[in-house]
There are 2 protein chains.
Amino acid sequence: MMEQQASVDQATHCPVNELPIFAGLGDKFREALKKVESDAVNYSAAETIYSAGAEAQNFYVVRDGYVKLFKTTLSGKDQIIRIVKPGELFGFDGLVDVLYNHSAVPLKHATVCRIPVERLRTLGDQRPEVERLIMVRCIKELQHADERLLELGAKRSAERLASFLLSWCGGTPSGKWTPLVLSRLEIAQLLGLTIETVSRLFAQWKRASLVEEKRQALRILDLKLLQQVADSRE
Amino acid sequence: MMEQQASVDQATHCPVNELPIFAGLGDKFREALKKVESDAVNYSAAETIYSAGAEAQNFYVVRDGYVKLFKTTLSGKDQIIRIVKPGELFGFDGLVDVLYNHSAVPLKHATVCRIPVERLRTLGDQRPEVERLIMVRCIKELQHADERLLELGAKRSAERLASFLLSWCGGTPSGKWTPLVLSRLEIAQLLGLTIETVSRLFAQWKRASLVEEKRQALRILDLKLLQQVADSRE
DNA sequence: CGGCTAATTGAGAGACGTCAAATTTGGTGG
DNA sequence: CCACCAAATTTGACGTCTCTCAATTAGCCG
């Protein structure tokens, strides 16, 4: 919808071998990784990392911030496929296809490490461990997608939002504030709902002291109850 | 829901090297594959190949028939994640996790090739091509999942059913009969709808001569129009 | 020809979407 | 620091799509 090619801030070298994905792989291997040329690229909100249908030339690792992957219907509705978090990979398409099948845009801002696919492929030829690693990550993604299919296909609005909030705040210790980087629109596009429904659920839960919101941060007040909502009991 | 452990018909040796996935890999490699022990297993409808939460010991290739992968909500609703077709792989979980995260049951009946994951892992150590192949397949699955997320999250009932029918009959030449292996319930569980809505849409489209149904077979009469329905024009 | 399950159809309810207005928020410049 | 504007969010009223519940019909196997 929002078309705007990234005016990429800068492109400094990104030390691939230091990326957490490749941790625990042996020093000899890390040594080989140093040779892979890759750039650390900085994107601000509303800049496009890549668009669906574009040539899939790069593979990415998120270093900082969050990236949303989404697809758009012919009728113009966006569906967010996944929110990619720091340390996670995206842009698998290039390893298999010529074109990206979805678009990638940062939430707010993000720094990503950009690796040309042919370099990665070369590296994979020499170092099979790389492809094993990517395979493992990819299977994890698949499991995550399975879970989301269950959410979208078999759950109602309250359950979807509740389990999203739970997983979003999952890392944070109970009762602490978690920055909520997503707008209402983005939450709606992620959960297959409308802005209004999301807003109404929030309002309802705030009134019932289930959650609390301040600025762009969220705090879960009644974890137990929210979990019950997520599982459609209550 | 339907709990029933498979009383597997028989388990004859399955020549892995002859599987279409491994075609085009060079004879030397195919030679190595011969050593992999794997069984061809026959399942009839309602037999469970594996259940979510079970130990993920095997990796599978569909030889004949179709396999449905599904997850079940705590409240007991099933969502079909994917219909696995002949030549396709499933059971990736075992390569990464101890347990399966979804269940696998054949539609009607199916013969699958069952490969113990540790064998596959051993083979992968010697032959990196194997993991590359699995990686590629996995990425394809991910793209497919992306598309389904768009369907479930951003499309209404008619669009979902239309694009499902189109993709199901995709292989068949236009105007020909395609066996429809799924029950109304299974279509509903795949598309996140109810039996009734699916049935009503079928009825409507039959009346309008969009599609025709005979026994367990389906024929698309007005391809153009059905495509328009799938894209929510019309 | 029963008897069972799957599928269809109808009527009514409810969840969610749509449209529009009101309110809040965040950012900008004075 | 405050006034002001645009964008995001909230809230209300209303419409409709899809689900639910129930009854009927069709299909299939012994």
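The figures that follow rest on heavy atoms only: side chains count, while hydrogens, waters and symmetry mates do not. Just so it is clear, the model here is predicted, and its values are computed rather than measured. Numbers restart at 1 for each chain; the letters A, B, ... are given by sequence-line order, proteins then strands.
Salt-bridge formation is detected for the pair B:D97/A:K140: a Lys NZ or Arg NE/NH1/NH2 atom is positioned less than 4.0 Å from an Asp or Glu carboxylate oxygen. Of the charged side-chain nitrogens involved, none lies within less than 4.0 Å of a carboxylate oxygen, so that B:K206 and B:E212 do not count as a salt-bridged pair.
The shortest distance between the side-chain N/O atoms of B:S157 and the OP1/OP2 oxygens of D:dT18 is below 4.0 Å. Under 4.0 angstrom from either OP1 or OP2 of C:dT9 there lies no side-chain N or O belonging to B:R200. In terms of phosphate contacts, A:T197 brings a side-chain nitrogen or oxygen within less than 4.0 Å of OP1 or OP2 of C:dG17.
A donor-acceptor contact closer than 3.5 angstrom links the side chains of A:T194 and A:T197.
One interatomic measurement links the two molecules: CD of B:E213 to P of C:dA7, which rounds to 9 Å at whole-angstrom precision. Distance A:F202 CZ to D:dT10 P: 8 Å, rounded to the nearest Å. Distance, A:L218 CG to D:dT9 P: 14 Å, rounded to whole Å. In this structure, B:Q216 places its CD atom 8 Å from P of D:dC28, rounding to the nearest Å. To the nearest angstrom, C1' of C:dA7 lies 17 Å from CH2 of B:W205. Taking atom CG of B:L161 as the reference point, atom P of C:dA7 lies 13 Å away to the nearest angstrom. For B:K77 and D:dT18, the NZ to C1' distance is 11 Å, given to the nearest whole Å. Rounded to an integer number of Å, the gap from NZ of B:K214 to P of C:dA7 is 18 Å.
Residues A:V229 and A:E159 approach most closely at O-CG, 3.5 Å, considering heavy atoms.
Rounded to the nearest 0.5 Å, atoms CD1 (A:I83) and OH (A:Y66) are 9.5 Å apart.
A ring pair (Phe, Tyr, Trp, His ring centres under 6.0 Å) with B:F59 is found for exactly one of B:F92, B:Y100, B:F90, namely B:F92. A side chain to side chain donor-acceptor pair (under 3.5 Å) with B:S163 is found for one member of B:E151, B:R148, B:E147 and no other, namely B:E151.
The stretch residues 183-193 of chain B touches DNA chain D through B:G192, B:L193, each having a heavy atom under 4.0 angstrom from the strand.
Listed nucleotides D:dC28, D:dT10, D:dT11 differ in distance to B:R215; the shortest reach to its side chain belongs to D:dC28.
Side-chain atoms of A:E196 and base atoms of C:dC19 include a donor and an acceptor less than 3.5 Å apart.
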